[in-house]
Colleague: 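What follows is a structure written as structure tokens; I'll ask about it next.
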Amino acid sequence: MVGNSSFAGLGNSSFASLTPAPASADEAEPWVRGELIRSLMRASRGSYLLAAALMPAMVGLSWGHVPPWQLFTWLAIGIVATGCRIWGEQVYGRHYADRDSAAQQYFVERYRYLWSASAFAWGLSILIFFERTPLVNQFMSWLIVAGVATFPLNGLALHPPLLKRYVNTLFVTMLVAIAFRVIELNFERPHFHYGFLLLPGLHWWLLLRAGRRIHETARNSFELLFHNHILINSLTQQRQAAVSAVAMKNRFLASAAHDMRQPVLALSLYADWLRNEPELVADIAPKIVRATHAVNALFDSLFDLARIDSGQVRLHIERVDVAQLLHDLELQYRPVAEAKGLSFRMHVSSGTVLTDPIRVRRMIGNLLANAIKYTAEGGVLLASRQTRDGLRVEVWDTGIGIAREHLRDVFLEFYKVADHAGTSDGFGLGLAIVARLSHALGHPVSVRSRLGRGSVFRVALHDADESQAQTRISGAVG
């Protein structure tokens, strides 16, 4: 089976049950709106039942002064409004409570009439007591209506359009009912001064003003919670990155020490052997040279990685002829492949790209070196082709391949596939350098491989921006 990997640049009680905050600050506003509505629904849960419980008290205060049929009609309207609220809460719990912010907004917009129905029922209550019952009973009835208007304020204020709808419906209905009763009484002087009728208007204004204040406070609290969540996530990610970096550096040093020990130990043994048996110099000298080359290669790779990670590499972006660059690489690597008995084929399309020629040459050269190293028979193909996204360089081989579960890890320092033929003589740094340079230059590297059949590494050569590339390589962490 073919494996794929892509490398692109080796994050109050109303607050008791918040949904997880999104990771992006761009999503703050929808999340805050959604949480305000959730809190509104939690705060209003069952509150309408308390208001419904006061309806019999209203009827009792007017009993004996108002025809029973009028009292029962108003009570029936209130019961229907309460039933609608119960039904709406069940709909919310079944279909909307656990959904996203858009669903919360949709529910409030679609079922806003449920709150209007409750407000309308209580506004009509003016008809059953205003100037029809004794003053003490009227006073008690006014207190109940004022309480019903004020009690849901903390919840409704979390969604200002709903608060305005509820309060406006209640007080407009009250004023119409008062006007109807005044007309019905032929404008006779009431039992109290007309200035008293200004109090409902003042209460109306105070509720809307207080609602704005409550909404601002709640919104600020949710925004603070959201940004705290973002900050905690960022700190957690940075901590994890720091722990990972320390672990990686420890593994890096341990692997470097292990890989360096082998050729250095070999040099020591050859030196002792040569001292004891100088006549074997012809046999031992080539081995000393190979061991020395191995140590030098390891140090070169380590120094390259260190320079990249420390941001000391200065990039030089210029227009590069990709075909010429690939032919130069052919001159370097064809003899290596043919010395191993492998064919070296080329398929090059013309084209240019803005990049650092030295670093791109190093990237593709490392891919070619790996392809030759891990191919025992067959050959290697170096190709470039034009795609919809621009020029792409590919290195194909018929080597041992890479299993799917190892595709991502091959770009890590000193990573070697366990029990994988051909990996014992490598240091596992070539692809790590490719990864660093890929990220810096903005040339994504991808790999496809089939175990036992070969691999293909692709480098997408997008035009590099010098300032961005230098910034990335200055902050490269792998």
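Everything numeric in this text was worked out from a predicted model, so none of it was measured.
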Colleague: Applying side-chain contact (heavy atoms from CB on, under 4.5 Å) between V434 and each of V459, N370, L367, I364, report the one that passes.
Modeller: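 So the option named by the test is L367.
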Colleague: Taking C-beta and beyond as the side chain, do R33 and F222 meet within less than 4.5 Å on heavy atoms?
Modeller: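 Contact flag for R33/F222 side chains = no.
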Colleague: Once rounded to the nearest 0.5 Å, what's the spacing between atom CG of L461 and atom CG of D389?
Modeller: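 Separation between the atoms: 12.0 Å.
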Colleague: For residues G34 and S101, report the shortest heavy-atom separation together with the two atoms involved.
Modeller: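 Closest approach of G34 to S101, heavy atoms only: CA-OG, 3.6 Å.
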Colleague: So do V136 and F139 actually touch side chain to side chain, heavy atoms under 4.5 Å?
Modeller: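 Answer no - side chains too far apart.
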Colleague: Name all residues meeting the ring pair (Phe, Tyr, Trp, His ring centres under 6.0 Å) criterion together with F129; count only those two or more places apart in sequence or in a different chain, and write none if there are none.
Modeller: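 So F129 forms a ring pair (Phe, Tyr, Trp, His ring centres under 6.0 Å) with W142.
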Colleague: To the nearest 0.5 angstrom, please state how far the OG1 atom of T236 sits from the NE2 atom of H229.
Modeller: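 Nearest 0.5 Å value for the OG1-NE2 distance: 9.0 Å.
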Colleague: Please round to the nearest 0.5 Å and tell me the distance separating atom NE2 of H203 and atom CG of L208.
Modeller: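 H203 atom NE2 to L208 atom CG measures 10.0 Å (nearest 0.5 Å).
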Colleague: If we only count heavy atoms from C-beta on, is the I128 to T133 side-chain gap below 4.5 Å?
Modeller: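 Side chain of I128 against side chain of T133, heavy atoms only: no contact under 4.5 Å found.
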Colleague: Are H159 and L36 packed together at the side-chain level, in the sense that at least one heavy-atom pair is separated by less than 4.5 angstrom?
Modeller: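 The answer is no; the side chains never approach within 4.5 Å.
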Colleague: Is there a side-chain contact between W63 and P68 in this structure, where contact means two heavy atoms from C-beta onward sitting under 4.5 Å apart?
Modeller: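 They are in contact (side-chain heavy atoms under 4.5 Å apart), so the answer is yes.
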Colleague: May I ask you to test the V393-M363 pair for a side-chain heavy-atom distance under 4.5 Å?
Modeller: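 When only atoms from C-beta onward are counted, M363 and V393 do not touch, as no gap falls below 4.5 Å.
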Colleague: What are the two closest non-hydrogen atoms of A218 and L158, and how far apart are they?
Modeller: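 That would be CB-CD2, 3.3 Å.
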Colleague: Under 3.5 Å, is there a donor-acceptor pair linking the side chains of W204 and N168?
Modeller: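 Result is yes, a qualifying pair exists.
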Colleague: What heavy-atom pair brings S455 and S449 nearest, and what distance separates the two atoms?
Modeller: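 So the minimum-distance heavy-atom pair works out to OG-OG, 2.7 Å.
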Colleague: In this structure, are over 12 heavy atoms from other groups packed under 6.0 Å from R94 atom CZ?
Modeller: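 Enclosed.
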Colleague: The criterion is side chain to side chain contact (heavy atoms under 4.5 Å, CB included); which residues satisfy it with V66, sequence neighbours excluded?
Modeller: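 With sequence neighbours excluded, V66 shows a side chain to side chain contact (heavy atoms under 4.5 Å, CB included) to S62, Q70, L71, R132, given in chain and number order.
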Colleague: Counting only pairs under 3.5 Å, give me each side-chain donor-acceptor contact of residues 114-126, with atom names and distances, residues two or more places apart or in other chains.
Modeller:
{"residue": "S116", "atom": "OG", "partner": "R165", "partner atom": "NE", "Å": "3.0"}
{"residue": "S118", "atom": "OG", "partner": "R85", "partner atom": "NH1", "Å": "3.4"}
{"residue": "S125", "atom": "OG", "partner": "W122", "partner atom": "O", "Å": "2.5"}

Colleague: With a 4.5 Å cut-off on side-chain heavy atoms, are F151 and L50 touching?
Modeller: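 In contact.
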Colleague: Specify the closest pair of heavy atoms between L163 and G211, including all atoms of both residues, with the distance to one decimal.
Modeller: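 Looks like CD2-CA, 3.5 Å.
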Colleague: Any side-chain donor paired with an acceptor under 3.5 Å for Q104 and Y92?
Modeller: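 There is such a pair between these side chains.
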Colleague: Any salt bridge linking E35 with R219? Criterion: basic side-chain nitrogen under 4.0 Å from a carboxylate oxygen.
Modeller: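 The answer is no: the pair does not qualify as a salt bridge.
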Colleague: Give me the atom names and distance for the closest heavy-atom approach of D397 to G399.
Modeller: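 The answer is OD1-N, 2.8 Å.
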Colleague: Please check if the number of heavy atoms outside Y113 that lie under 6.0 Å from its OH is greater than 12.
Modeller: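 Correct, the count exceeds 12.
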Colleague: I'd like to know if the side chain of S349 and the backbone of S384 have a donor-acceptor N/O pair within less than 3.5 Å.
Modeller: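 Looks like yes, one N/O pair under 3.5 Å.
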Colleague: T355 and side chain to side chain donor-acceptor pair (under 3.5 Å): which partner among E318, H462, H443?
Modeller: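 The residue from E318, H462, H443 that satisfies side chain to side chain donor-acceptor pair (under 3.5 Å) with T355 turns out to be H443.
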Colleague: At what distance, to the nearest 0.5 angstrom, does CG of L441 lie from CZ of R359?
Modeller: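 With rounding to 0.5 Å, CG (L441) is 8.5 Å from CZ (R359).
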Colleague: At their closest point, which heavy atom of L391 faces which heavy atom of S350, and how far apart are they?
Modeller: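 Reported closest heavy-atom pair: CD1-O, 4.3 Å.
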Colleague: Working to the nearest 0.5 angstrom, can you tell me the gap between N228 CG and F226 CZ?
Modeller: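 Between atom CG of N228 and atom CZ of F226 there are 11.0 Å.
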Colleague: Just checking F107 against H95, ring centres under 6.0 Å apart?
Modeller: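 When the ring centroids of F107 and H95 are compared, they turn out to be at least 6.0 Å apart.
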Colleague: Salt bridge or not between D463 and R319? Use side-chain N to carboxylate O under 4.0 Å.
Modeller: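 Looking at R319 together with D463, the answer is yes, because their closest N to O distance falls below 4.0 Å.
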Colleague: Kindly determine whether V148 and L54 satisfy side-chain contact (heavy atoms from CB on, under 4.5 Å), including the steps that lead there.
Modeller: CA-CA 9 Å; V148 169; L54 294 172; 4.1 Å; yes
Colleague: Test side-chain contact (heavy atoms from CB on, under 4.5 Å) on Y111 and W87 and set out the steps.
Modeller: CA-CA 11 Å; Y111 294 100; W87 170 78; 3.5 Å; yes
Colleague: Taking C-beta and beyond as the side chain, do Y96 and Q105 meet within less than 4.5 Å on heavy atoms?
Modeller: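 Sidechains of Q105 and Y96: no contact.
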Colleague: Stepwise, does the salt bridge (Lys or Arg N to Asp or Glu O under 4.0 Å) test hold for R212 with E216?
Modeller: CA-CA 6 Å; R212 284 196 298 272; E216 289 173 2; 5.9 Å; no
Colleague: State the CG-CD distance between L61 and Q138, to the nearest 0.5 angstrom.
Modeller: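 The CD atom of Q138 is 10.5 Å from CG of L61, to the nearest 0.5 Å.
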